[in-house]
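Proteins come first, then strands; the chains are lettered A, B, ... in the order of their sequence lines, and each starts at number 1.
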There are 2 protein chains.
Amino acid sequence: MKGEKKRGRPRAFDAKAALGKARDVFWDRGFAAASLDNLSAATNLNRPSLYGAFGDKEDLYLDTLERYRQDGMDVLTEALDPSLPLRDNIARVYAGALAIYLHGETAARGCLLIGTASAEAVQHERVREVLGRSLNDFDDEIEKRMRLAVERGELPRSADPEMLARLASAVMHSLAVRARAGDSRETLEAIARSGVELICGSAP
Amino acid sequence: MKGEKKRGRPRAFDAKAALGKARDVFWDRGFAAASLDNLSAATNLNRPSLYGAFGDKEDLYLDTLERYRQDGMDVLTEALDPSLPLRDNIARVYAGALAIYLHGETAARGCLLIGTASAEAVQHERVREVLGRSLNDFDDEIEKRMRLAVERGELPRSADPEMLARLASAVMHSLAVRARAGDSRETLEAIARSGVELICGSAP
DNA sequence: AGAATTTAATGCGAAACGGTACAAAATATG
DNA sequence: CATATTTTGTACCGTTTCGCATTAAATTCT
């Protein structure tokens, strides 16, 4: 599949690594304020190479969002390992989120989607679509775990898995915003703990 | 105080109304993607007039954020009218928020602060400061009402007013993000209802 | 009435922007 | 070795950007 040698001059860069660098630029500056010069400098790619490999700025941004979404889903499903108690699952979700959100040079970057895609979502329909789909996929994944919790008796039969999942997500959304607003790690961890308590209050 | 006639040529525009129009531009496009031409067209002010009245684009944006924050606090304190039950208070907070968030021409605009200031917060320290202060002020106002609820017996003595307030805010943050992501009013109202239930679960 | 002061309108200018044309370089194929 | 194909690097194009310089207009003060 991959062994077929391509005809022309081979690429002198790793597309995956370049996308990672581009993602960091978008993460810090947002889509609109990220210039092609910024992206070119961060990736060590000339603008034409960037364009040739990933299309225009919007294409590159959407690719970046999609990758980020997928990576986030991977972290989420790992955190929700059903062999662990529900409480631990939700705590791990928040811990995983904070590990991502609290990683900035000047200030914490929060969530790429919530922090930067939200700004573009009103005018750019494609961005709004990715953002909406990402939030829904997260909700759905947590909801599956909540349903399992009800089946297992970790949560009472009266619990509403869909709504509990959305509220569990809500705490994460808030962590994303607050991280970007400059809240301390301690504050965020306290909110995460309280969130676990509130959502899983009736769980053992 | 205001009757003193100023010396030169009088202004031909209402600064308050102009700020409102500028706010709408920022709300739809975010700070970086809002050009002075956009702002000039929306306010019916020439760029030099805009500049003379409000300073540069960042000054205008920060003014806009500050006004929005103040307006939001007014809505909040009104919603938290202590003569009403806690449940009604929180429900009114969310209803007030949704009335603001779900008012867009192309798509819902969500919260100006969460939707647009978050994007700039990493690089612009002043924006981050306003955003952080706004979130904190909201938390504090709700916390006051929570403390009162504990004193009155609406909440059990074991309740933690600070954390309950932050979680009540968290639901609102999530509503802001989801509105901008395109979620329907029905979905958002359902989340708000569940949020009230979860936060005020032990209240009468 | 005339000077002083403030705002309005036109338009400029330097810089940054996104995107691309074009030629040189590097590889596979015949 | 020659040709086809793809990537790289430089340089550039037209547009948009923000901010301001300058002049005309409107009002108050003397």
Heavy-atom nearest nucleotide on DNA chain D for A:G8 versus B:S35: which residue maps closer to 5'?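 Looking at DNA chain D, the more 5' nearest nucleotide goes with A:G8.
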For [X] and [N], what is the distance between atoms [atom1] and [atom2] respectively, to the nearest whole Å?
X	N	atom1	atom2	result
A:R11	D:dT8	CZ	C1'	12 Å
B:D14	C:dT7	CG	C1'	16 Å
B:L36	D:dC18	CG	C1'	6 Å
B:N46	C:dA9	CG	P	5 Å
A:R29	C:dA16	CZ	C1'	13 Å
A:D37	C:dA16	CG	P	9 Å
A:R47	C:dA21	CZ	P	14 Å
B:L45	D:dG19	CG	C1'	16 Å

Without hydrogens or angle criteria, can the side chains of A:S35 and A:N38 be said to hold a donor-acceptor pair below 3.5 Å?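 Checked: A:S35/A:N38 side chains pair up, N/O donor to acceptor below 3.5 Å.
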Carefully, step by step, assess B:S83 and B:D81 under the rule side-chain hydrogen bond (donor to acceptor under 3.5 Å, both in side chains). CA-CA 6 Å; B:S83 71; B:D81 174 358; 2.9 Å; yes
Approximate separation, where rounding is to 0.5 Å, of B:D59 CG and B:D56 CG: 4.0 Å
Can you tell me how far apart CZ (A:R180) and SG (A:C111) are? Round to the nearest 0.5 Å. 9.0 Å
If you check every side-chain atom of A:F13, which of C:dA8, D:dT8, D:dT28 has the closest atom?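 From the listed options, D:dT8 comes nearest.
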What nucleotide among C:dT10, D:dT8, D:dT5 has an atom nearest to a side-chain atom of B:P48?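 Within the option list, the nearest is C:dT10.
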What's A:A34 touching, base or sugar-phosphate or nothing? Going by heavy atoms closer than 4.0 Å.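 A:A34: backbone/sugar contact only, no base atoms under 4.0 Å.
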What is the nucleic acid contact for B:P10, judged by heavy atoms within less than 4.0 Å: base, sugar-phosphate only, or nothing? sugar-phosphate
Around B:E58, counting heavy atoms of other residues, nucleotides and ligands shown, do more than 12 lie under 6.0 Å from its CD?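 Yes, CD of B:E58 has more than 12 neighbouring heavy atoms, counting only those of other groups under 6.0 Å.
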More than 12 foreign heavy atoms under 6.0 Å from CZ of B:R185: is that the case here? no
Considering only heavy atoms and no angle criterion, is a donor-acceptor pair shorter than 3.5 Å present between the side chain of A:R9 and the base of C:dA25? yes
In residues 49-66 of chain B, what residues come within less than 4.0 Å of DNA chain D, judged by heavy atoms?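 Output list: B:Y51, B:D56, B:K57.
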Per the side chain to side chain contact (heavy atoms under 4.5 Å, CB included) rule, which among A:D160, A:L80, A:L155 passes with A:M146?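 Only one option passes, and that is A:L155.
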